[in-house]
Amino acid sequence: MTQYDHTTIEQARQRRWEVSGLYRSRVDWSRPKHYALTMLPYPSGDLHIGHWYAITPSDARARYMRMKGYNVLFPMGFDAFGLPAENAAVQRNIHPATWTKDRIEYMRRQLRSMGTMIDWEREIVSCDPDYYRWTQWLFKQLYEHGLAYRGEALVNWSPTLQTVLANEQVIDGKDERTGQPVVQKLMEQWFFAITRYADELLRYDDIDWPEPVRVMQTNWIGRSEGAEVVFPTTTGGGIRIFTTRPDTLWGATFLVLAPEHPLVDALTTDDRRPQVEAYLAQAARKTELERMEDSKVVTGVFTGGYATNPVNGEDIPVWVADYVLLSYGTGAIMAVPAHDQRDFEFARQFELPVVPVIEPAGGDLIAGEDMAESYVGPGVMVGSGPIDGVDTTLAKGRANPSIAATIDWLKEQGIGSGSVNYRLRDWLISRQRYWGAPIPVIYPGTGAIESVADEHLPVLLPEDVQFDGTSPLVSYAPFLDTVDAEGHPARRETDTLDTFMCSSWYWFRYLSPDFGGGPFDAEEAAYWLPVDTYTGGAEHAVLHLLYARFFVKAMRDMKVFDATATVMRIYGRDPDHLFDEPFMTLRNQGQVLGEERTGDRLVIDGETVNGRVVAVSVRVDSDAAPGDGVVVGELMRRTERSLQVATATATVTVEVPAEATVDIPSIPGTNDVNQLRHHLEVQRMSKSRGNVVDPDDLVVQYGADTVRTHLMFAYEWQKGGPWDSRGIMGSRRFIEDVWKLGEARYAEKQVDTATAGALARGLHQTIAKVGGDIEHVKFNTAIAALMSLRNELLQVLRAGTVPAAAWETAVETLLLLLAPFAPHVTEELWHRRGHRQSIHLARWPEADPEIARNPVVVMVVQVNGKVRDRIEVDPSIGEDEAVAAALASHRVAPYLDGGEPRTVITRLPNLVNVVV
RNA sequence: GCCGGAGUAGCCGAAUCGGUACAGGCGAUGGUCUCAAACACCAUUGGGGGUGACCCCGUGCGGGUUCGAAUCCCGCCUCCGGCACCA
């Protein structure tokens, strides 16, 4: 038997696969298709274990589908535009294009080491002009269909990144990449009208997506039902407000406008103007972050103006406060302090009246001045004119009787109407950056906006520019100066497209990466679309995944798929609803976290100076006991020469001066503080924490097959968990055992039919188990089943208890079942066993339920639900027989104590429960 | 604060429908091999009690429903993720 040499085998197999074009995927209408997709990576230049964790299980599933007879498309590409490349240009004077290309080249090599079935001839790179030509083309389509527009809005400006950002890219008032604060600015920018699809985006009827993602998107879209009502004023126009509680209109005692609201100026009286302007200036200065930090402090200012409550004709004061946002609803609210906690706090702060209009169910109406907090529960409407006496519940929208009655009445009176609002805002897609696809628009100077003609696409990014942290496009004349359709001088748009736009349609480009007649070739699309299984991280729930859904719906409505539908009909495929959603099944993988590690146990001698310990000597000694030194304990953290040591009783800070001695017995020579190992907790891997696992090292040490298998085996895939550097040995042993089984010369010794039957049974049960588990994205249990089969085969090999033919079948079945997980070693053994064709072209074995069926099952006998006996019975055992067997058990007899059971519950053939 | 998800052995994790709790792996312990160690192989491995057949306890905590609960219901605790003046 030859030694298992993973490096030689894996490299040779990968080369052979590439040369033979084994993984080329071509349209073949005679076979069912399966489009498997994983989220395209950003070319960070270093493939980390997370990439392996995301990609290799998806590859295993794609391989399985292929063996099941599907024609599988499994492509890969790079999301290659973005800021890091530009930062590198500024910091290291490397052109973003060069930087990106180098990194992609490096990552391709690493990706290939995984041994995936990626069809590299379909690769796309989003910064290639051939690709972004169609990104620009899609922008134009959106523009021409009124779905892209230039408008002024309050937007998130990041001073750090020197660009605006979409709402989805701002978390807690900070940008999601660098965590630096953003400020709100009123700017003219390009938007996509995603809000027009808000209602359709709330529907998930035809797709199989994880519940958390659907919930997150639903919350992000934030649909709320209510009414719009106009409050007339004497000084300006009417103030339009949105409310989800129109039934409480009779309790509105003041209005509040957002600081940026256009009517603020007109409503402000001269005597209030200084205070109002001071407040507006202060509000404008605040970053989003500061605004949120201050959210507990109620601030606001009275404008001096009044508006008339249209339901009762009362004049109420108009205030300005930054807790009202211009971007939501109408930027103005009616305040009902009696029934809204924020309004209540505001009213108490500024001594505004509180008028209750809901009499609590089963309670008494409390006078406004005596209320300690707002009342938000159910009850009966009071003091509310036409809706007096109507019940109010906790239901939202028209489902609440009081709200429905009010909306009907408002409509009748012509003072308001039902209305729906969304938290979702239009997608801001301009970026004041260089490394992105230029927005294909020019400004002739007449105030008009002209899109670049299709034949002039792509608008190329100029290469010969200088980088200083701002976009060089704004000052680069050869790019900036152009001519309009009539040949008059014009200026180019200098903003580029949000990179999320590049990734909002990339799976279409895989279909025909070189196609020149459109973003994709209808002949390919008709066969492959839509994506059947999409896998990736859940962090994209409201970014990429929401944008992608919007894009498909918009493309459908812009008739981009019409030619595809025609081709589908020719081949007898019904295109109905196939372009409503991009990804039919979505699964999110979890994350591989850093491994826990105990820190060195230290013995420190020194003296205490001003309450701190200053070390004279530091020694590593795993057996040290308290009292062996001034400080004895585990090193928890180290910052420069300062150590945090956990002793039996407390955490002590120890300073280690340069002249102190450091002694680490396991490291020869002179030691220093930097060599001490500190404690690592289970947390995300990051270079600064020093808990990163490098997959390249693992491949060298264990081989890609082992790394793949282990990543799929060690965790529940959709959950992830901490890395375990010793655990991988279990997967390595498994692969080595498979090698041993595949290479073994089997010798029949004492053939025994019972063992042969058990082996065949186990084999067919494993076939069914592994296939089912892969389909349900449960890789860990699939591999566990294969390990069990391995255990069984090792025993059979030793004992020689089955016929040689049965042995051969079992070993080859094991190889077939393992092929999707460990493609190299199975391929090697397959060929060594005399097969000419690749194992990856073989069919998945068929599980025979007849063979898999157990001839006997263990029937559990319970007394009052507690297990008292286990009896082997025939699986087809009848009720009477089972009960008789149970009652006959000598383990049951004592509980019956000679009497009769009260009831007997059976779940045949597994269980009999005797109730006494 | 609100909305999701999760909590099972020393660790990672199994457990179609409410029906045998812990499959598989890691680690640990003992043994074989070795001068020794590592590797490899074999065996044991939730806790407690009993000479033994066996018995009791055990799925974050406290209750409940049920013949029977890791699984369903109610109330808590902890961790992870998302949102956060959303009118």
Side-chain angles (χ1 to χ4, degrees), chain A residues 171-173 210-220 222-224 226 241-245 248 256 258 291-292 294-296 298 321-325 327-336 340-343 345-346 421-425 538-539 541-542 588 590-591 593 595-596 682 710 713-716 718-731 733-734 736 769 772 776 778 780-791 794 798 857-870 890-891 894 901-907 910-916:
Chain A
I171 294 162
D172 289 341
E211 176 76 15
V213 173
R214 302 202 313 248
V215 168
M216 272 190 260
Q217 290 200 353
T218 302
N219 291 343
W220 187 262
R223 184 182 199 274
S224 53
I241 62 105
F242 171 75
T243 175
T244 53
R245 293 304 301 266
T248 62
V256 187
R291 215 159 140 159
M292 287 191 313
D294 294 347
S295 68
K296 282 166 208 102
V298 185
D322 65 4
Y323 80 88
V324 176
L325 309 171
S327 49
Y328 185 77
T330 59
I333 64 160
M334 66 167 188
V336 184
D340 180 286
Q341 190 56 24
R342 275 162 319 168
D343 295 346
E345 281 159 23
F346 195 87
N421 246 284
Y422 301 92
R423 208 183 76 107
L424 179 73
R425 293 184 237 167
E539 67 274 16
V542 291
N588 296 123
Q591 234 178 31
L593 303 169
E595 183 169 25
E596 184 167 20
V682 171
H710 186 63
F713 172 67
Y715 318 92
E716 189 187 331
Q718 300 184 56
K719 193 169 147 201
W723 176 252
D724 176 1
S725 53
R726 289 179 300 191
I728 192 170
M729 274 312 297
S731 299
R733 274 178 215 128
F734 170 56
E736 279 176 2
K769 169 81 178 152
H776 294 106
K778 298 184 74 175
N780 55 344
T781 47
I783 292 171
L786 290 172
M787 286 179 169
S788 292
L789 181 60
R790 171 266 317 249
N791 292 340
L794 283 173
R798 268 198 301 274
V857 293
V858 175
M859 184 178 79
V860 167
V861 182
Q862 297 183 332
V863 178
N864 291 338
K866 280 185 186 253
V867 179
R868 295 301 172 191
D869 201 1
R870 294 179 169 88
H890 67 278
R891 300 228 175 104
R902 199 141 54 98
T903 345
V904 178
I905 291 152
T906 55
R907 285 290 176 278
N910 297 312
L911 182 135
V912 174
N913 188 11
V914 181
V915 185
V916 296

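Lettering of chains follows the sequences in order, A, B, ..., and the numbering in each one begins at 1.
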| P atoms of B:A23 and B:G18, separation to the nearest Å | 23 Å
| Atom P, compared across B:C3 and B:U65: separation rounded to whole Å | 28 Å
| request: Determine which nucleotide pairs with B:U66, using a 3.5 Å limit on both distances of a Watson-Crick or G-U wobble pair. | output: none
| field | Of A:Arg891 and A:Val215, the one whose closest RNA chain B nucleotide lies more 5' | value | A:Val215
| task | Please measure how far the C1' atom in B:U78 lies from the corresponding atom in B:G30, and state the result in whole Å. | result | 38 Å
| request: Look at the side chain of A:Met216 and decide which nucleotide, out of B:G82, B:C12, B:A14, has an atom nearest to it. | output: B:G82
| Mind checking the C1' distance from B:G5 to B:A9? Whole angstroms is fine. | 23 Å
| said: Under 3.5 Å for both donor-acceptor distances, Watson-Crick or wobble: does B:C33 have a partner, and if so which one? | reply: none
| field | Between B:C3 (P) and A:Asn219 (CG): distance, integer Å | value | 10 Å
| task | Ignoring backbone atoms, test whether A:Arg423 places a side-chain nitrogen or oxygen under 4.0 Å from the OP1 or OP2 oxygen of B:C83. | result | no
| message | Say we look at B:C61 and B:C54: how far apart would their P atoms be, to the nearest angstrom? | response | 30 Å
| field | Selection from B:C55, B:A87, B:G27 that lies nearest to any side-chain heavy atom of A:Arg726 | value | B:G27
| said: Starting the side chain at C-beta, find the nucleotide from B:G24, B:A87, B:A15 nearest to A:Leu325. | reply: B:A87
| field | Nucleotide forming a Watson-Crick or wobble pair with B:C85, both distances under 3.5 Å | value | none
| Out of B:U20, B:C67, B:C83, which nucleotide sits closest to the side chain of A:Asn864? | B:C67
| message | Can you tell me which nucleotide in B:C12, B:A21, B:C67 comes closest to the side chain of A:Arg907? | response | B:C67
| task | Kindly say if A:Arg214 contacts the phosphate of B:C3, meaning a side-chain N or O under 4.0 Å from OP1 or OP2. | result | no
| query | Does B:C11 adopt a syn or an anti glycosidic conformation, taking syn as a chi angle within 90° of 0? | reply | anti
| Reckon A:Asn791 touches a base, only the sugar-phosphate, or nothing at all at heavy-atom distances under 4.0 Å? | sugar-phosphate
| message | With a 3.5 Å distance limit and no angle check, can you tell me whether A:Ser788 reaches the backbone of A:Ala784 through a side-chain donor-acceptor pair? | response | yes
| message | Check this one for me: any side-chain N or O of A:Lys769 less than 4.0 Å away from OP1 or OP2 of B:G24? | response | no
| request: For B:G4, give its Watson-Crick or G-U wobble partner with both distances under 3.5 Å, or none. | output: B:C80
| request: Start with the C-alpha gap between A:Asp724 and A:Glu595, add the side-chain angles, then the distance that decides, and say whether side chain to side chain contact (heavy atoms under 4.5 Å, CB included) holds. | output: CA-CA 6 Å; A:Asp724 176 1; A:Glu595 183 169 25; 3.8 Å; yes
| request: Kindly compute the distance separating OH (A:Tyr715) from CG (A:Asn780), expressed to the nearest 0.5 Å. | output: 11.5 Å
| message | Looking at the base of B:G19, is there any donor atom on it, or on the side chain of A:Gln862, that sits under 3.5 Å from an acceptor on the other one? | response | yes
| said: Strictly below 4.0 Å: does A:Tyr328 bring a side-chain N or O up to OP1 or OP2 of B:A87? | reply: yes
| task | Both distances under 3.5 Å, Watson-Crick or G-U wobble: report the partner of B:U44, or none. | result | B:A28
| query | If you check the A:Tyr323 side chain, which of B:G19, B:A87, B:C85 turns out closest? | reply | B:C85
| Is A:Arg733 touching bases, backbone alone, or none of the nucleic acid, heavy atoms closer than 4.0 Å? | sugar-phosphate
| field | Distance below 4.0 Å between A:Arg790 side-chain N/O and B:G25 OP1 or OP2 | value | yes
| Distance, nearest 0.5 Å, that separates NZ of A:Lys769 from NZ of A:Lys778 | 6.5 Å
| Length of the NE2-P vector between A:His710 and B:G24, whole Å | 17 Å
| message | Rounded at 0.5 Å granularity, tell me how far CD1 in A:Ile333 sits from CZ in A:Arg245. | response | 14.5 Å
| query | Hey, is the side chain of A:Thr781 poking within less than 4.0 Å of OP1 or OP2 on B:A15, counting only N and O atoms? | reply | no
| Between B:G19 (P) and A:Met859 (CE): distance, integer Å | 17 Å
| Taking only N and O in the side chain of A:Arg798, is any of them less than 4.0 Å away from OP1 or OP2 of B:C41? | no
| Residue whose nearest RNA chain B nucleotide is more 5′ - A:Asn913 or A:Thr330 | A:Asn913
| Can you tell me the Watson-Crick or wobble partner of B:C61, both distances under 3.5 angstrom? | B:G75
| Between A:Leu424 (CG) and B:A84 (P), how many Å, whole number? | 12 Å
| note | One should read off an interatomic distance between A:Asn421 CG and A:Arg223 CZ, to the nearest 0.5 angstrom, of 10.5 Å
| said: Considering every strand and a 4.0 Å limit on heavy-atom distances, what is the contact class for A:Arg223: base, sugar-phosphate, or nothing? | reply: nothing
| Between B:U20 atom P and A:Asp869 atom CG, what is the distance in whole Å? | 16 Å
| query | Which value, in whole Å, describes the distance between the P atoms of nucleotides B:U29 and B:A14? | reply | 27 Å
| said: Under 4.0 Å, counting only non-hydrogen atoms across every strand here, what does A:Thr903 touch: a base, just sugar-phosphate, or nothing? | reply: nothing
| field | Atom pair CE/CZ of A:Met859 and A:Arg907 - distance to nearest 0.5 Å | value | 14.0 Å
| note | Of the listed B:C86, B:A23, B:G13, the closest approach to the A:Ala784 side chain comes from B:A23
| Rounding to a whole Å, what distance do you find between A:Gln591:CD and B:A6:P? | 18 Å
| message | Strictly below 4.0 Å, N to O, side chains only: are A:Glu211 and A:Arg214 in salt-bridge contact? | response | yes
| Between B:U20 and B:U16 - C1' atom distance, rounded Å | 16 Å
| note | Nearest heavy-atom contact between A:Tyr328 and A:Tyr422 is CE1-O, 3.5 Å
| message | Taking the ring of A:Phe713 and the ring of A:Phe734, is the distance between their centroids below 6.0 Å? | response | no
| field | B:A23: pairing nucleotide in any strand, Watson-Crick or G-U under 3.5 angstrom | value | none
| query | What is the nucleic acid contact for A:Lys778, judged by heavy atoms within less than 4.0 Å: base, sugar-phosphate only, or nothing? | reply | sugar-phosphate
| Whole-Å gap separating P (B:A15) and CG (A:Asn910) | 17 Å
| message | Please give the distance between the C1' atoms of B:C22 and B:U45 as a whole number of Å. | response | 13 Å
| Between B:C83 (P) and A:Gln217 (CD): distance, integer Å | 13 Å
| Does a side-chain N or O from A:Arg868 land closer than 4.0 Å to OP1 or OP2 of B:C55, or not? | yes
| task | Classify the nucleic acid contact of A:Gly720 as base, sugar-phosphate or nothing, counting any heavy atom under 4.0 Å across all strands shown. | result | sugar-phosphate
